[in-house]
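Hydrogens, waters and symmetry mates play no part in the numbers below; they use all other heavy atoms, side chains included. In listed order, ligands and their atoms are each counted from 1.
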Amino acid sequence: MTQEWILVLGAGSDMARAAARRFARAGYNIQQASRNTEELDIEARHLQLKYGVQTQTLPFDALEFDSHAAFYAELEPKPIGILLAFGALGEQARDQKDVSWIRKIIDTNYTGAASILEVIAADFERRKRGFIVGTSSVAGDRGRQSNYIYGSAKAGLSTYLAGLRHRLHGSGVNVLTVKPGFVATKMTTGLDLPDKLTAGPQEAGERIYRAVQKEKHLVYIRPIWRWIMLIIIHMPEFIFKRTKL
Ligand SMILES: NC(=O)c1ccc[n+]([C@@H]2O[C@H](COP(=O)([O-])OP(=O)(O)OC[C@H]3O[C@@H](n4cnc5c(N)ncnc54)[C@H](OP(=O)(O)O)[C@@H]3O)[C@@H](O)[C@H]2O)c1
């Protein structure tokens with residue numbers, strides 16, 4: 001049993017919860033941070049009883065950028081690893097007509113992540129240890145009419161994580177980018193997702209845990225997504241623009 005702590009940002013996420021449970025099963029203590037702390041308290045009791053680990057529940061809003069430095073400064077003990085899971089899918093048809101939604105989607109998925117990760121990265125760089133997991137999306141790999149506002153924010157996040165990985169490599173800190181593909185969570189409720197391409201949250205939690213242990217740089221929850229995206233990325237524009245993706 002380790003005495004190390006993992007900080008989960010956006011801990012109410014179904015995928016994050018499953019990943020946190022997997023880390024707790026391996027003996028890590030869990031700091032859960034999100035907007036809905038009541039929900040997190042229930043999960044905290046589950047983690048304590050089932051896995052015998054310690055937990056902390058902390059209020060955190062990705063959009064309150066000015067609070068991020070103090071949030072991390074007050075965090076005690078400092079974690080060995082970060083799971084950043086918060087995100088907002090939005091609704092393309094609504095968002096493209098309203099700049100306040102465009103800002104919200106970009107700020108939740110990109111600016112909020114960069115804001116808190118810069119604070120954490122500086123600490124990990126100083127301590128010369130730790131790992132950072134950022135949840136991006138295949139939606140960021142090529143802009144599509146059905147979700148390009150969300151996709152462009154995730155493209156920014158993927159590039160941000162790649163740059164952070166490059167910067168922290170010499171400090172012994174690994175940065176893992178997760179591109180889930182489809183996962184059945186609150187976010188995808190009501191979407192008609194093909195079974196073969198859709199993972200459950202528990203499967204996602206296990207993949208993320210293993211990818212951290214192996215110090216991977218990039219993981220897709222279902223490996224087939226690597227090949228799907230290879231095709232989509234390389235499809236010539238004159239064909240791509242005729243598709244309904
Ligand atoms: N599910 C998929 O198929 C899929 C595919 C590609 C990428 N992803 C990404 O994977 C990550 C996890 O998503 P999920 O599928 O597990 O969805 P989820 O269950 O809906 O979780 C998303 C979480 O983000 C949190 N959040 C949103 N805005 C926030 C803010 N301003 N501050 C703090 N937390 C905030 C939500 O908190 P509340 O509970 O307070 O609303 C929610 O717990 C997301 O980044 C998502 O974009 C998911």
Side-chain angles (χ1 to χ4, degrees), residues 7-22 31-43 57-68 71 82-92 95 100-101 103-117 132-142 144 146-147 149-158 160-161 176-205 207-208 211 218-222 224-226 228-229:
L7 170 62
V8 188
L9 296 163
S13 134
D14 292 337
M15 228 185 293
R17 186 179 304 130
R21 287 183 180 184
R22 184 59 187 86
Q31 292 162 322
Q32 299 186 97
S34 202
R35 298 178 296 191
N36 185 345
T37 50
E38 257 174 53
E39 188 185 273
L40 299 185
D41 280 337
I42 298 168
E43 179 62 13
T57 298
L58 308 144
F60 175 83
D61 191 329
L63 295 174
E64 290 183 10
F65 314 131
D66 293 344
S67 71
H68 290 175
F71 166 84
I82 306 297
L83 300 181
L84 185 146
F86 59 76
L89 182 59
E91 287 173 35
Q92 175 67 34
D95 302 346
S100 64
W101 275 109
R103 279 187 68 166
K104 190 167 179 194
I105 299 305
I106 292 174
D107 282 349
T108 305
N109 291 295
Y110 178 78
T111 324
S115 164
I116 185 64
L117 287 183
I132 293 171
V133 179
T135 317
S136 189
S137 175
V138 296
D141 290 353
R142 187 161 190 178
R144 292 181 286 125
S146 58
N147 68 357
I149 292 172
Y150 170 77
S152 59
K154 289 297 195 186
L157 179 61
S158 294
Y160 174 86
L161 292 169
L176 168 67
T177 304
V178 182
K179 293 186 181 175
F182 296 147
V183 181
T185 65
K186 290 195 291 288
M187 186 175 277
T188 54
T189 305
L191 300 181
D192 188 20
L193 305 178
D195 285 353
K196 282 213 163 60
L197 302 183
T198 307
Q202 210 177 325
E203 184 179 342
R207 282 284 284 178
I208 292 169
L218 171 65
V219 69
Y220 298 85
I221 302 303
R222 291 239 162 135
I224 192 171
W225 278 98
R226 183 183 295 274
I228 293 173
M229 292 318 295

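In terms of the side-chain hydrogen bond (donor to acceptor under 3.5 Å, both in side chains) criterion, Lys104 has no residue partners (sequence neighbours excluded). Listed by chain and residue number, nothing satisfies the salt bridge (charged side-chain N to carboxylate O under 4.0 Å, His left out) test with Glu64 (two or more places apart in sequence, or in another chain).
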Under 3.5 Å, which donor-acceptor pairs do the side chains of residues 7-16 form with other protein atoms, sequence neighbours left out?
{"residue": "Ser13", "atom": "OG", "partner": "Met15", "partner atom": "N", "Å": "3.2"}
{"residue": "Ser13", "atom": "OG", "partner": "Ala16", "partner atom": "N", "Å": "2.9"}
{"residue": "Asp14", "atom": "OD2", "partner": "Lys186", "partner atom": "N", "Å": "2.7"}

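Ring orientation note: the planes of His68 and Phe60 are close to parallel, at an angle under 30° on the 30°/60° scale.
Leu84 places none of its side-chain heavy atoms less than 4.5 Å from the side chain of Thr135.
No more than 12 heavy atoms of other residues, nucleotides or ligands sit less than 6.0 Å from atom CD1 of Ile224.
Listed by chain and number, residues touching ligand 1 at under 4.0 Å (heavy atoms only) are Gly12, Ser13, Asp14, Met15, Ser34, Arg35, Phe60, Asp61, Ala62, Leu63, Ala85, Phe86, Gly87, Thr108, Thr135, Ser136, Ser137, Tyr150, Lys154, Pro180, Gly181, Phe182, Val183, Thr185, Lys186, Met187, Thr188.
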